[in-house]
Amino acid sequence: MPWPLYLALKQLFPTGRFFSFYSAISIVGVMLGVMVLLIVQTVMNGFGDKIRENIVARDADIRVMGGIIKRDEWKELLTELEAREEVLAATPYAEGVVMMKNGQVPFMPYLRGIDPEREGMVLPLEKFLKNVEVEELKCTLDDLDDETIILGVDLARNLQVLPGDVVEVFTPLMLEKAKQDEILLPREMKVAGVFRSGWYEVDSLYGVVTLRVMQELYGLDRGIHGISIKLLDGEDADAVSRSLQEDYDSKGLPLRTLSWLKKNESFLFFLSMEKWVMFFIMIFIILVASFSIAVTLSVSVLRKTREIGLLAALGARRGQIAQTFCLQSIAIGTLGVTLGIAGALLALQYRNAVVTFLLGIFNAQDAFYQLYGFEGIPASYSMRDFVLVSFFTLLLTTVAGLLPAIRAARLKPAEALRSE
Amino acid sequence: MNDTVNTVLQAKGVEKSFQGPDGLTIDVLRSADLKVHSGESLSIRGESGSGKSTFLNVISWLDQPDKGLVFWDGLEVPALSRQELARRRSEVLGFVFQSYYLMPELNVLENVVMASRMIRMIGRAEWNRAEQLLEKVGLQERLKQLPSKLSGGERQRVAIARALMNRPSVILADEPTGNLDEETASLVMELLLNLSRKEEASLVLVTHNPTFAARTDRQVMLSGGKFEEVS
């Protein structure tokens, strides 16, 4: 082993002792910084992934829209889409705002007309139906027919309706009829049950009917508003969306494709920015730890001035003396990063137990999980984050060691030996 | 005596001055000449501040002279590259300081081996050599002890073993007994003189003590920046 490395390790872990107090403080500082940074990043990734999953579950991977797509056209489009190798499934939909009333309580939710046979292949509506906790409110897609409606759990609550109750539905088409002095007769729909997506804006603003009902309500004849597409795992929704758009443009079809990524671009950008801002803030912890390494090593250079003179007398070159101190900071950084990663993995492994314990103290478990709509604290391990955090930490700790190392190398041997 | 073969250390016309606190220049060494022959022991005496330690620093090239030449084993030191200088220093010179300067994080054996570690990858031969030297200085029972557990005399004996580790041509000892009581100082001095003789290393001893100086083969006095032989 080259002697600068040997001496650096000996100064960190002296003979007869497990470690020196000063090196332990520095290593723990780096370890805590890395640990906190990785935990925050991994949990933020988890939250991001969960939110993305929910967005995809709500929106499908890609939507093909085009005002009103006539029956002949969409049947052909659907067949073409299903034949594409990137597409797992596709389903037609019609969607629009309606006014819904129960007695004197009016609301303006969206109504989505679906093909009950196909919808489950693209969107997890069955799962949303099972999410409902109260047995009396539950239903299945089999309960959906041309006379029934399934409401979001919060919409049903706002309308104060239960399964079996009837709601009145008014559509913009009725306004047209009103202009022609026709009598406005709302469509009466029996509530089959409710669904729960976990997203308030969906659960409070959406109702589901059959495609045929929606076509009648909106006067679409047999037309639709669009097609929802589910892609195979690993397919790039943006790329497929662009490819479809180019296809339609080249054929002169007045269709527009929209991927879930594009639709939620601003929100996803915000999510990603939030993660990077957290990274930026957390990196200061490592900066503080690196500063403590610089201070520790500077004090060490002061304390060991005469030893530095001795090293020169024993045949050390300036560069080797600098290496001794620089290698100490690298060793502190490496150990801090290793222990930090181990600590972060351990903490993340038991994150739910820890959070449940902490929330238990304040009796806030239920409120916490309901607020976020997740079953536990999500975590998504990203190799890139681990590499990035390790690289930055090693860089900062090495730089922290450079200053005292250069100072040690610049000491004149004779003066160092004379120092008190 | 054939100078070229037998001179292991030589200072030729060495000058060194320092800036005093009042801004005035203090000439410590003025055209100082000294030759140390192979196997001989030489003591340097002089008043405090006469430049004895400065001379040791200059002749070991830990400090550079303002003027003059220094030779180690016939090699002109200023002509050596930095790398060669560092390597030669550890091969030609062994140091014993007044304050021992042992590394506190290394045990006794590791401190002695450190001298070899600086110039080569060490193996069993180096560990054996260090153990033998520590046996010669009477510390065979304390190989694994840290310096902090040793007395002043024991620390200086470790320093002597370390100085001899690389079989140097010359041992430079700067007031090696300055921190020791009279009895211990006498024992350490005896050890230093005997071992350097046995190991065939020349000894340059800086001391205030005329008794110790008298035990060396040759004595010089540093006065007015120059050496004078003491008969």
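Computed from a predicted structure; not experimentally measured. Numbered from 1 within each chain, the chains take letters A, B, ... in sequence-line order.
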On a heavy-atom basis, which atom in [X] and which in [Y] lie closest, and how many Å separate them?
| X | Y | answer |
| --- | --- | --- |
| B:Ser90 | A:Gly315 | CB-CA, 4.0 Å |
| A:Ala313 | B:Arg89 | O-CD, 3.5 Å |
| B:Leu62 | A:Pro413 | CD2-CB, 3.7 Å |

Among B:Pro104, B:Ser53, B:Gly94, who wins on heavy-atom pairs under 4.5 Å with chain A?
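Looking at each option in turn, the highest pair count goes to B:Pro104.
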Any side-chain heavy-atom pair from B:Glu105 and A:Glu307 closer than 4.5 angstrom?
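With C-beta onward as the side chain, the pair touches.
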Measure the shortest side-chain to side-chain distance between B:Phe95 and A:Leu314 over non-hydrogen atoms and say whether it is less than 4.5 angstrom.
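Contact flag for B:Phe95/A:Leu314 side chains = no.
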Which atoms of [X] are under 4.5 Å from chain B, going by heavy atoms: the side chain, the backbone, both sets, or neither?
| X | value |
| --- | --- |
| A:Tyr6 | side chain |
| A:Leu7 | side chain |
| A:Lys10 | both |

With a cut-off of 6.0 Å (strictly less than), are more than 12 heavy atoms of other residues, nucleotides or ligands near [atom1] of [X]?
| X | atom1 | value |
| --- | --- | --- |
| A:Leu403 | CG | no |
| B:Phe71 | CZ | yes |
| B:Lys226 | NZ | no |
| B:Lys12 | NZ | no |
| A:Tyr381 | OH | yes |
| A:Tyr350 | OH | no |
| B:Glu47 | CD | no |

Side chain from CB out, backbone as N, CA, C, O: work out which of these in B:Asn107 comes under 4.5 Å of a heavy atom of chain A, or both, or neither.
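B:Asn107 touches chain A through backbone and side-chain heavy atoms alike.
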With a 4.5 angstrom heavy-atom cut-off, is it the side chain or the backbone of B:Arg88 that approaches chain A, or both, or neither?
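Neither part.
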Write out, in numerical order, the residues from residues 116-134 of chain B with a heavy atom short of 4.5 Å from a heavy atom in chain A.
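When heavy atoms of chain A are the reference, residues 116-134 of chain B contributes B:Arg117, B:Met118, B:Met121 within the under-4.5 Å range.
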How long is the span from the CZ atom in A:Arg317 to the CD atom in B:Gln83, to the nearest 0.5 Å?
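Between atom CZ of A:Arg317 and atom CD of B:Gln83 there are 4.0 Å.
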Just do the side-chain contact (heavy atoms from CB on, under 4.5 Å) check on B:Arg162 and A:Leu310 with the steps written out, would you?
CA-CA 12 Å; B:Arg162 181 181 63 193; A:Leu310 170 74; 3.4 Å; yes
